[in-house]
Structure formats: C-alpha cells, structure tokens
Amino acid sequence: MIPQATVKRNEASLRRTEREGFNQMNIKARVTGALLATVLSTTAFNGAFAADDTIKVGILHSLSGTMAISETTLKDAMLMLIDEQNKKGGLLGKKLEAVVVDPASDWPLFAEKARELVSVDKVSAVFGCWTSVSRKSVLPVFEELNSILFYPVQYEGEESQRNVFYTGAAPNQQAVPAVDYLMENESVERWVLAGTDYVYPRTTNKILEAYLISKGVKPEDIMINYTPFGHSDWQTIVSDIKKFGSAGKKTAVVSTINGDANVPFYKELANQGVKAEDIPVVAFSVGEEELAGLDTSPLVGHLAAWNYFQSVDTPTNAEFIKTWKAYTKNDKRVTNDPMEAHYIGFNMWLKAVEKAGTTDTDAVLDAMIGVSVPNLSGGYSTMMPNHHITKPVLIGEIQSDGQFETVWETPGLVVGDEWSDYLPDSKDLIADWRAPMSCGNFNVATGKCGGKGS
Amino acid sequence: MITSFLLKSLDRSIVVVVAILLGLAIAIPALNLLTAPDHPLHVPTFLVSLFGKYLTYALLALALDLVWGFCGILSLGHAAFFALGGYAMGMYLMRQIGVRGSYGNPLLPDFMVFLNWKELPWFWQGFDMFWFAALMVVLVPGLLAFVFGWFAFRSRVNGVYLSIITQAMTYALLLAFFRNDMGFGGNNGLTDFKDILGFNIQADGTRAALFAASALTLALCLVLTTAIVRSKYGKVLVAVRDAESRTRFLGYRVEHIKLFAFTVSAMMAGIAGALYVPQVGIINPGEFEPGNSIEVVIWTAVGGRGTLIGPIVGAILVNGGKSIFTAAFPEFWLFALGGLFVFVTLFLPKGVVGTASAYLARRKAHRRAADAENARDNLVAEPMAAE
Amino acid sequence: MYRILQTLLITLCLLVSAHVTGLRAADDLGALVSALGTAKLAELDDRIAALAKSGDPRVIPVLEALGEGNLYARKADGGVFLTTEMGASLVLVDPLDGAQLGEVPKGELQKIKVNNAVRRAVRSALGGLTLFSADAGARLKAAQSMRQTPSADALEAIETALAAEKDVTVRKTLDEARAVTLLVSDRSDDDKRAAIKLLAEGGGREALGALSSALSSADASLKPDIEAALQRIEQAQAFWNAGQNVWYGLSLGSVLLLAAIGLAITFGVMGIINMAHGEMVMLGAYTTFLVQDVIRGSYPALFDWSLAIALPLAFLVTGVIGLAIERSVIRFLYGRPLETLLATWGISLILQQSVRSIFGPTNREVGNPSWMAGAFELGGLTITWNRLWIIVFALAVFAALLFLLKRTSMGLRMRAVTQNRRMASSMGIRTPWVDALTFALGSGIAGMAGVALSQIDNVSPNLGQGYIIDSFMVVVFGGVGNLWGTLVGAFSLGILNKFLEPYAGAVLGKILVLVLIILFIQKKPRGLFALKGRAVEA
C-alpha cells in the first residue's frame, strides 16, 4: 500500500479504491460464506470466518422496497462512520468491518437477517431498523442470541429492552415539547392530530391527547385523523383541516404522517393555501431528506420537531456535513436526525468497547450506561440506565431552501422517557438496566419487575 | 385404502420427494441437536429455522399449484389465506405470553394495553386453547375461500377477472389488518412470542420440532394433493382447466369442482401460514401484500406449474437465492431476481422441474428407440450367426 | 399588534408630510431598520411596529424582505441589507434607497431570523401600509389580511379606504373586512347586526370563523342573530361540501384514469398482464425531474414550460423502453397471458432497482410551474389549479387515444391485430410491428401520465407500485378492452371513494370500494362495458 501521507492529493481516489477493494473482498467472502451456509448447510466455516483481525459491525437497513427511501441513507452514514474510524486506527487495535445486508422492507426478513448477522457473521453490534415493526421483529432475536442493536429513529416509546439502545427520540423528546411550543408561542387552542395508521402515531397521539386535556384543552377542540400508508389523495383531509380551523380559534396540525405520504400532503397544503401563519403544521417524521423531494417555498414556516437539524451551527456539525458530502461525492446530500442518532450511537459504542476492553456483549452492555459523547448540536448526549439517551429538543421552521431554521430549543437536555407518564398503564413503570434492578418494566407501585404485575 | 393408493398410483418421483422430506425431517433436527457446534456436519439453528421457513413457502406454492396448475384458477390472493392461517396461530401464541408481556396484563396483549383496550374483543376468545386455534387455522381461510369461491365461480368469473378480484381481496384485507381499530395489532402485527404448547419457542429443540413438523406436513400435503389429482375428481379438475365449457356441457357442476379445489388449497395455505409464524416469530399485515401473492405464483412457475414437485423446488430455489443474494449483493439482488423471472418465462416455460422431466422423458424415448434398434439389429444378426 | 394598526391614521398624515421631513426621517428610518439586525426573535414584533409607525412607503420592501427571509445583518458592523442570492454569495441592496452595494460571501452576513409570529406581524404591518397602495392587487392583499386578523383600531382606516375604493373585488373584501372588524369593535348593536347580516350573505369559511369567535364575546341580545347567521352559512357550506366531494372525486378519478389509461392499451387491448406498467409511469415522472433539473441549471426562464417539454420526451423515453421490452421479451409470450405477468413482474423489479441505483432511493424534487400552483374559489368550492389541469390533461389524453384507435389507419390495424391476429396477418398487416407499436404506445401514454402524476405525488422508485393495483381495478371494473369503460370506471371509482371517505374515513372507504368492486364483478363478470361478440372468448 502507498503511504497515505505521500499522496495527499489523491486521498479521495485512494479512499475510493480502498473501499471498493474492501467491498469486493467482502462480497466474495460473503458469497462463499452464504453459499456454504445454504447449499452445504453444514461445516465449521463459522470458526473459519470469525477471524480475529477485524471487529465486525452489522448494518441492517432496507436497501430495497418501500423503506429504502429512508434507510439507504443510514446505511451510507454507517459506512462513512466506520470508514472514518478505521482511518483513526480502528478499535482496540483492530480494523472495523461493516457487514451490510438487505432486509428488503420485509419484516420477517429483518428477523432472519438479524439472526444471520449475529450467528453467522458474528458481528459485535448491529446498527439498524427504521420502522417500529422491524424493531419488534428483531427484538426476540437479539434477546435470544444476546447481541446489541442500536435503533436510531424516533419511536413511540413503551419499550426498553436489555439488548437495544434507543438513540432516537422518545415521545417526550419530540412531541410534547413541540406541543408546548405551539401553545406558548402561537397560542394554539384547537388541535388536529393527523397521522398514518400505525403504532407510532397512535401512541404519540394518545399521549398528546392526554397531555392536551391535562392542559385544559376541550375534547371537542381535538380532531384525530388516521390515513393508510402511502396515502396520496389528501384533498378531503386538507379541506377538513381548513374547516376545523375556521372555528374562530387558533388551530395547529400535529402531523405524525409517515415518510412517503408527506410529499403529497404538503403539496396539497400548499395548493389549497394553508399558510403556516394561519394553520401551522408541526411534523415529527419530516426531515431534510423528505423535504429534498419538495419545492418548499410555499411551506415556509411549517414546523418540525427533532433533536438535530442540518442547519445547526456548530463546528462538529460543520465537520460532519463536510465529511458526509465528501464521502457521498454529492454536495447536495443532506443530513438528518436519524443520521445524528447513528453518529451518537456509534461513538457511544466505540467508547463503551474501549472502556470494557472487549466487544463481549455483557461487558459492553454494562459499560454503555453512563457513556457520554458529543452530539452534533454542540452538547453531550449520555446513555441513561433505561437505554435511552439525553438530547436537546429543537423546533425548526421550514425554509425555502429545504432546510430548517431553529426557532426554539429546550434550555437543557431532555432524558428519553420510555414509559410515558400520560398513559394510564405505563405511568408507574420505569426501566433501569443497572444491577441489581436490571429490569425494563419495573413497577414502582408494586415494587416488582414485570409490568403491572397482577 | 391409502396404502393401496400409495402402492398403485404414486409415481416414482413423488415417492422420492416424500422420502427426501421424511429424511430431512429426521436428519436436520438430529444434526442440529445431536452434534457439537464445531462438528463438520453440524447444522446451526439459524439454518434450521431458515429451511423450515422455505418448507412452509413450499407448502404454500403446492397449495397454489393445486388450483393454478390443475384447475386453471390463477389466484393472485393466495398469500391472504397464508396470512390468515398465520394470524390464527399468532393469536394463539399471543395469548400464551400471558403476564410476561411488558405490562404484565394476564389477558390483553401489549398492543391492546397501550391503546387502552379494556377487554378482549370477541374474536380473540378461545385462542388460548391450541385445538381451537388449530381449528381456526384451517377454518378461517377455508371459509373465506368457500364464500369467495361460491360467489365468484357461480357467477362464472374467470381468467384475469378472477385473478384481479383475488388481488382486490388480499389488498382489502391488507388495508383492514393495517387498521389498529381492527384489533390485530395494526402494522406491528403480532410478535415477541414466548412459547408454543408449553415449549420455549426460542429453544433449539422447539425449532427442530417445528422444522420436522413443517417437513412432515409438506410430505402429507404432497401425498394428499397427489391423491386428489390422480383421483377421478382430479381428471375432471384437469378437464375444467383445459375446456371449461365442454366439461360443463358434459354435465359436470364446474363451480362445485372449482370450489372444492379452491377451498382445500386455501386450507393448505392456512396451515402453511400457521407453521410459518412460530418459525419467523412475527405475523404482520405485510404478508397480505399483493406482491407476495404474485411471488408465490412466480415460485410455482419457476419450479414448474402442474407438476406438484415443481412448486416445492421453485419455492426453495427462489427463496434460497433471495437469502444468498440479499446478503451477498445487497444492492443488486433485485436485478438477479428480476432477471431470473424473465429468464424462466422465456427459456424454461415449463419451469425447472417441467423442463427437466421433459428432457428426461425425451432421453428415455431416445434410449428406448435406440434399444429397439439394437434389438432389431440383434434380431437381424442372430439368424446370421446361426447360419 | 394593535399598535401597528393604531398608526394607520398617523400613516396617512405622515404620507403627506413625509417629503417635508424626508431627511430627518431617513436618519430615523435607518436607525429603525438597523435595529432589526440586533433584535431577538421576541423583540422583533415591537421593532416591526415601530417601522410600520413611520408610515414611510420605503419600509414596504424592507418588511417584505424580512418576511421572506431575505433581510441580513452584516456581522462586522451590524448593518442591515436586503439581499438576493447569487450562487455562494449574496448581492447586497441598501434597504432604503435600493442602491446595489455589491456581492459579499454568505459567511460575512447573518440572516435575521423570523418565525410565524414575526411573519404574521409583517403581514399585518404590510396590510396597514398597503391599504392605500396604487396597485389593486396589493390593496386586495391588504384587505384580505385585515379580514383575517381583525382589530378594532383599524376600523376607521378601513372605512376611509372603502370610501375611496373603486375596484369591485377589493371593495367586496373590504366590506367583509369592515364587518369582521366591526364585530370586535364597540360600535352599536344595530351596526353589528348589519355586519352579521352581510357576513351571513357572503358566507364562506372566514365568515364562519369570525362569527363563531364573536359568538363567545358578544352581547346576549346579539347571540340569536349570530347563531342564525352561523346556521345559514353552515347550510350553504353543506351544499357546497357535496359539490366539493364531487370535485375531489373527479380529480381522484382523473388520476386513476391517467394511471390506468396506458394499461387499458397494454392489458385491455393486448391482453398482456403488464406488471411493469407502474414503472413506466415512474420513468415518465423521472423524465420530468431530469427536464426540470436541466432547466433549473441552465435555462431558469423556461421553468414554466418544463412540463410541456417533458411530455413528448416522457412519451418518447417510455415508448422506446416499451418497444425494447416488447421486442426482447413480450413478443415470445403472445397467447400466454399469465406468463407475461411473471416476465413483466421481473422487468418491473429490474426497472425499479435501476432507477434506485441511478437516481438514489430518495424522493426527487419536481416543482409546480406557476400556472399549476395555488387555487381559486368558485362559489364555495376551492379548486386547485394542478388538479384542474390534471383533469383537463387526462381527458385530452383520453380523447387523443380514442381518436388514434378509432379514426386512423394505425388504430384500425391495432384493433384488427388484437382482435384476430391470423386474419389480420392474412390481410397483409405486419402483425409483429403493430404489436410492438401498440405496446410502445401504451407505455408512452403511461410515461405521459407520469409527467402529470409527478405534480401531485412523490417522485421516487416506489411511485409506480402505488398505482399498479388501482390501475388494474379500474381497467377490470370498466371492462377489459373498452376505453370508455376505463373512463367511466375511473371516474365512478374516484367519486365513490370521495363520497365514502368523509363517513368511513380514508382507510375504510378504500376497503369498501374494493369490496364493492368484488361484488360488482360477481354481478357483471366482464366489467361495466363488456365486449360483446367473438372477441370475448378469444
């Protein structure tokens, strides 16, 4: 190999060839491996492949099917992070090796691939999943095989599992502060909770409804609406929103509409003339990536709540964006919140492995709690005993260039609350994975581990 | 009766496949459980579940072959029956979780607890008993197929019209099961199962047993479909496929014949789904997706339509390929898969098994012809020698 | 905010005396504008009010720029400038005299942050400032903004403006603005009653909103009047709602028609179960994206023409791809319709993954040309331009296709070949070429549909998947092989869907439609307009 310092000019191309070579090797090895595994279905190749010269990291994101639209970016982000780390000398003196598989937006396939990553490829940790159902599908696998999953997407909460680290936002790190903001700064009195009909919007809306009613909002001032996945004809719903908003009270829409359906929704909003000054829409699933498919000038002022925006003005973020654009060789590529979650999760894992001195699951699980790494918005995020992390909450308004501008942020960091205080069945539950409690659903009322414990 | 049937009309290839399946049902669990992990012949648990999944797919494809291959009904909704059977099994498995759920509610599954359901909906009653769930696994898909078929065949809906409305059926079910208000867990479906019939579902022994059960069921269904196809009824079935009007004019009640095949096939698909769910650990509305049903058709076509063995081979080939390629070429596997479908339709219209058996038959004919020639030569030669 | 409007009268006086005190005002104004640069978000309201108070028309562009986010402060000295973007740098313009001050890299400037509250303040400040503008459009906007955010202090200004207003539309809006404002003022009950009457007659959602918010604070004596007015408006609204549903149904129907019409050729006429149809639609949408991308990069002035340019291109691109598919795969499969299903499914996977590899898996931005953006009111209906154009386009495509098939010799050949291949061949028609061209035509039309659908949906590799099932339903419901069936099928399914949606919700509505289709096929096993005669059994 040519020493890197001497070919500074060609660093980019060198990196490319290095990566390609690496991938080719990898593919070849994996073809043989998989063929052996499936065709011969026997042999002790496991031993042969668990070579000790690299530490393997699994990447479990859909590269085809409906979720590829969101998840492919995360695969690229992970490859970049691993690449960067290898340039810094790897981990525990070994190189990191990425193992990429495609679960193809097929939920049972997620479980199968997770099992393959852990038991055949012997990866030390897996970064992956986007939808709640994919996470639910792989949970038993990680539990059974005792491995580690980092889950980077905002989700509905109501879960804390020993083998999973939740680096995305829980509802209290996104939804509740956003509603607070609208109540205080925009004096909103009437609420439309619009979402795609699946578990994340359902739970979030349940929490928000209970929260709003506890704040004195009347039930008739809350309208809840669910639509199917990929809903593309929003005419009726947007006009219902306009109707609901013409009752003489300031109205806002809280949108938990999922990825694909957002573009036609916003297009319809823009065309029917719903302006942010009149009926603001605050979204929890719309980030820079989704806006990249839209002309945002009619949408200026609509809001989103996240824990990170690409527009955040910090040196670490600027560096991250620069590396990302260089890595993807596309200066229009945007960054988004789940990418930051992987950034945090990956760095936490590195630190925990260094602390534990091994990639052994139990040791890393213990070492993870309390690990603190810089996030991209200028602070530090810490892994809490409930396997959720601390994050700042940012509220941003859409700008005409497809970016968000932060208009409000929490003064400090917010701890992810896995069991919501606003749902009757979960308000007594807490999670704490430190010994001696080591429980994901400890009931403080009965003093027992295991839910409501009847 | 069955023995006499077995002796008389099972042709050799079916016997071979059944024997292989029975062998697998013993060998794979044995190699998994009885050998040490570093033994060269050890089968890891991961592969046991994977192969088990392929076998349930194979059963689904076999079910489709009964209606498509032998009756000419191209159902683009067979995955719906598969998923319904899966849901019935999933509901049983959910009820087995009991207080081990996150909220520790003894009666309600987790997803009902956090959506504030107060009591168990009526259609969840009884699923705590295995026999009831097992009954529902065949009854629900069977009933749906019966009602659907009753209307469709009586109105003489056929050809693409039938295909498209079966697709509408599975699509409507997909949307319905996505709704959280339906009480089937919405998009998340049913997951995080703990045990089945008292055995831990994650234990190696249970997985091996499930694999054996899948192989045995597949073998049994293969024998059953062969019996159906080779029976007198089976001949009428093929007649319906090849000349529906003529069969009707001969006095057969075509709609009854079709309805029987369709219902039996749906029940088989339901059983396949029920075996599938405990092995993959999740059932979710995605299984209803119209694309899945089309894939089943493709497995059947790749293997060879109307051959009974073909669908089994096709399902295992395509899914095995999918497993390898999604790991080896995550970015490009769809090209391979798409290319395979085009290749098979263009160059192997009878499917792998159909083409292979045609080739074998031709070779046999050749050899027979050659033998006959030799024999004639010998006949000619003999007198010469005698002289 | 009321302070802004309080200044309206002063504004008038100031306008008169502005030139007298011009020099001093410029200094003050300069200071006021600079003050924007140092303000925190919460303070901006007051600074905007102060600017509006000056009443100087030169403030208008400053406020507009602020609202649009084009107002920047220089990091070095805090000077505030209007800007226009020029690549990586900004062109500075003096906020008061409009002089160009040259280009500066973005890093040297700090954008003055605004949020919705600030934009609202800007809007009402501009409303006050432009109520007397010479431009009728600006006055209309001002009147609308006053109607939206009524403030008792603005009443006299509105009345002054009303007295001088000649333009009918502006007058009407001003009248309504006056009525709305009157309701929140302390005028006599009789005046208010007249205002309520006027609002009730005008109808519309804004009146509804104004009246229902007045209801809570009104005197007991006025309440019955308001309630009666509310009821009247709601009745009128209910009538319009039915109309609105028909419109939405037509619009959804036109989308279905566009999606299905190509399939009506490849599936309906040729009998190919073309699962790659959706991908042709997707390729058409990507063609639009490429065209717009080139236009954005090189000829921004042509943007409004982008769709017109994309249409023939999309037709050509998808037509040629369709031709290639027919020649390489489908021609071997005639007479085996179910096998076309498998092959085209494989092709659709390949096309999807190719697009994913080339363009990436994420959504691509396709913009609305200006003539397709926004909406207009027709009575109580809100009609969006893009939906209107899509309906027109769908019908135009349908008419053109019908003409092609029924009135040209090419169409005659196509029909002949698909109805009786051997006979057509004996008549000397080159059937292979007619097959290829027919398939290319169906694909090309799907591509054109993609251009239209790119205006309302995601442009992503999954675009086609969303339409394929619906398209098959439409063609089968309408009757395979009959273009009119496709037309009627698309619109009736669209309208049915939209009438069910308000009662059953979007999901249940769709399920009901599917169940109805299944039942309908039982009744009419060959669709709405079944082909009769010999072609049926073939």
Side-chain angles (χ1 to χ4, degrees), chain B residues 68 72 74 76-77 148 150-182 245 289-291 294-295 297-302 305 331-347 349, chain C residues 267-268 271 273 275-276 325 328-330 332-333 336-354 356-357 461 465 468-470 472-473 475-477 479-480 505-527 530 537:
Chain B
W68 185 34
L74 176 59
L76 291 183
F148 188 89
W150 174 269
F151 284 111
F153 301 138
R154 217 185 37 160
S155 321
R156 299 190 192 171
V157 180
N158 48 27
V160 283
Y161 289 91
L162 188 78
S163 303
I164 299 297
I165 63 167
T166 51
Q167 192 156 48
M169 173 192 75
T170 188
Y171 189 46
L173 282 169
L174 166 80
L175 292 173
F177 274 76
F178 262 132
R179 298 184 68 228
N180 276 282
D181 294 337
M182 281 281 287
S245 311
E289 250 177 57
I294 294 176
E295 267 193 45
V297 175
I298 285 169
W299 306 335
T300 312
V302 167
R305 171 191 170 199
E331 319 254 358
F332 303 104
W333 69 276
L334 273 178
F335 290 120
L337 197 66
L340 174 73
F341 298 154
V342 176
F343 177 83
V344 166
T345 33
L346 283 186
F347 300 105
Chain C
F267 172 56
I273 306 181
M275 298 309 280
I325 292 174
S328 59
V329 177
I330 289 171
F332 302 108
L333 301 174
R336 295 190 281 162
L338 296 177
E339 280 166 30
T340 57
L341 169 100
L342 310 184
T344 49
W345 180 257
I347 291 170
S348 94
L349 292 183
I350 293 173
L351 287 176
Q352 259 182 58
Q353 194 62 17
S354 314
R356 203 171 275 134
S357 313
Q465 292 285 292
I468 185 78
I469 295 174
D470 286 338
F472 271 102
M473 296 299 152
V475 175
V476 163
F477 177 72
V480 174
V507 192
L508 214 52
K510 204 157 182 198
I511 297 174
L512 284 174
V513 169
L514 288 168
V515 172
L516 286 174
I517 291 178
I518 294 178
L519 292 178
F520 180 84
I521 293 294
Q522 315 296 334
K523 194 80 200 142
K524 298 199 103 185
R526 298 208 163 256
E537 286 302 319

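Chain letters run A, B, ... following the sequence lines, proteins first, then strands; residues in each count from 1. This is a predicted model, so every value here is computed, not measured.
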Exercise for review: Might you work through the side-chain contact (heavy atoms from CB on, under 4.5 Å) test for C/R526 and B/N158, ending with a clear yes or no?
Suggested key: CA-CA 9 Å; C/R526 298 208 163 256; B/N158 48 27; 3.7 Å; yes
Practice item. Show your working on side-chain contact (heavy atoms from CB on, under 4.5 Å) between C/W345 and B/I298 and close with a plain yes or no. Key: CA-CA 9 Å; C/W345 180 257; B/I298 285 169; 3.0 Å; yes
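- Contacts of B/D181 with chain C are absent, with no heavy-atom separation under 4.5 Å from either backbone or side chain.
- If you measure heavy-atom distances from C/I518 to chain B, the contacts under 4.5 Å come from both the backbone and the side chain.
- Contact count versus chain B (heavy atoms, under 4.5 Å) is highest, among C/G271, C/S354, C/S328, for C/S354.
- Contacts between C/I469 and chain B at a heavy-atom distance below 4.5 Å involve the side chain alone, from C-beta outward.
- Using a distance-only test at 3.5 Å, with no hydrogens or angles considered, a donor-acceptor pair links the side chain of B/Y161 to the main chain of C/V480.
- When heavy atoms are compared at a cutoff of 4.5 Å, C/I347 approaches chain B by way of both its backbone and its side chain.
- Residue contact with chain C, scored on non-hydrogen atoms closer than 4.5 Å, is absent for B/W333.
- Looking at C/F477, there are no atoms closer than 4.5 Å to chain B (heavy atoms on both sides), in backbone or side chain.
- Contact of B/R179 with chain C is made through the side chain alone, with heavy-atom distances under 4.5 Å.
- Heavy-atom distances place the side chain of B/L76, and not its backbone, under 4.5 Å from chain C.
- Looking only at heavy-atom pairs under 4.5 Å with chain B, the residue among C/L333, C/V515, C/I517, C/L508 that has the most is C/L508.
- Only the side chain of C/L341 comes within less than 4.5 Å of a heavy atom of chain B; its backbone N, CA, C and O stay farther away.
- Listed here is the closest heavy atom pair of C/M473 and B/Q167: CE-C, 4.3 Å.
- Enclosure of atom CZ in B/F151 is not indicated, since only 12 or fewer non-hydrogen atoms of other residues, nucleotides or ligands lie within 6.0 angstrom.
- Looking at B/I294, B/T345, B/L346 one by one, the single match for side chain to side chain contact (heavy atoms under 4.5 Å, CB included) with C/L342 turns out to be B/T345.
- The two residues C/P525 and B/S155 come nearest to each other via the heavy atoms CG-O, 3.1 Å.
- Both the backbone and the side chain of B/I164 have a heavy atom closer than 4.5 Å to some heavy atom of chain C.
- Here the shortest heavy-atom pairing between C/I350 and B/L334 reads CG1-O, 4.4 Å.
- Note: B/L74 CG to C/I273 CD1 = 6.5 Å, rounded to the nearest 0.5 Å.
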